[in-house]
Structures are given as C-alpha cells and as structure tokens.
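One structure is given here, and the rest of the page talks about it.
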Amino acid sequence: MNWQDYIHSDERILFGKPIIKGTRLSVEFLLERLADGWSEQDLLDNYPRLTKEAMQAVFAYVHATMKDNLVFFPTGNFRQAS
C-alpha cells in the first residue's frame, strides 16, 4: 500500500492537514470518527467519495509516521482513560 496515492497535503486546504485526495476529509477527522466508535463501514456509508483503499491508506500513513518517529507521545505522568 502506497499511502501517497491517496493522501496529500495542500496548505490551501484545511491549513495543510493531510487529507484524502479529491476530498476535504482529513486523516485527523477520520481517525477521530474511528476513535468515537464509528466503524469503517459507517465512514464509507456517510462519505461516498471515501473508499476502502483510502481508509487503508490512512492506516498506512499513521503507521509510517509512527515508524519514522513523526508522532510523539506525551512524557511524564498521564493516566489512560478507563
């Protein structure tokens, strides 16, 4: 999976946040929906221009950024929500 085929950044769209090409759906927005309990199918049903391949690219993008240490985690004492 080459996530660059599906995700790009343009400073004129959503202040340069990574988005799904051909949409205004940011990676951040899609991840937030998933974190809120939406399923992949919920997203596909509600955003017809979104594809399964684009969703797979979101996960590949997140993996690549974490692998390259571009995502940082807070240091110090923090509690996980229960």
All N/O donor-acceptor pairs, side-chain side in residues 13-27, below 3.5 Å, sequence neighbours left out:
from  : atom 1 : to    : atom 2 : distance (Å)
Lys17 : NZ     : Glu28 : OE1    : 2.6
Lys21 : NZ     : Gln4  : O      : 2.9
Thr23 : OG1    : Ile20 : O      : 2.8
Thr23 : OG1    : Leu25 : N      : 3.0
Ser26 : OG     : Phe29 : N      : 2.9

Note to self: As an exercise, state the distance from CD of Glu40 to CG of Leu30, rounded to the nearest 0.5 Å.
What the structure shows: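 The distance works out to 10.0 Å.
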
Note to self: Taking side-chain hydrogen bond (donor to acceptor under 3.5 Å, both in side chains) as the definition, give me every residue that meets it alongside Asp36, ordered by chain and number, with sequence neighbours left out.
What the structure shows: Arg33

Item checked: Pairing residues for Gln41 by the side-chain contact (heavy atoms from CB on, under 4.5 Å) criterion, not counting sequence neighbours ->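 Partners of Gln41 by the side-chain contact (heavy atoms from CB on, under 4.5 Å) criterion, ordered by chain and then number, come out as Ser39, Leu44, Asp45.
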
Item checked: His63 side chain near Trp3 side chain, heavy-atom distance below 4.5 Å -> no

Checklist line | For the student: nearest non-hydrogen atoms of Tyr6 and Ala57, plus distance | finding: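 Looking at all heavy atoms of both residues, the shortest contact is CB-CB, 3.5 Å.
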
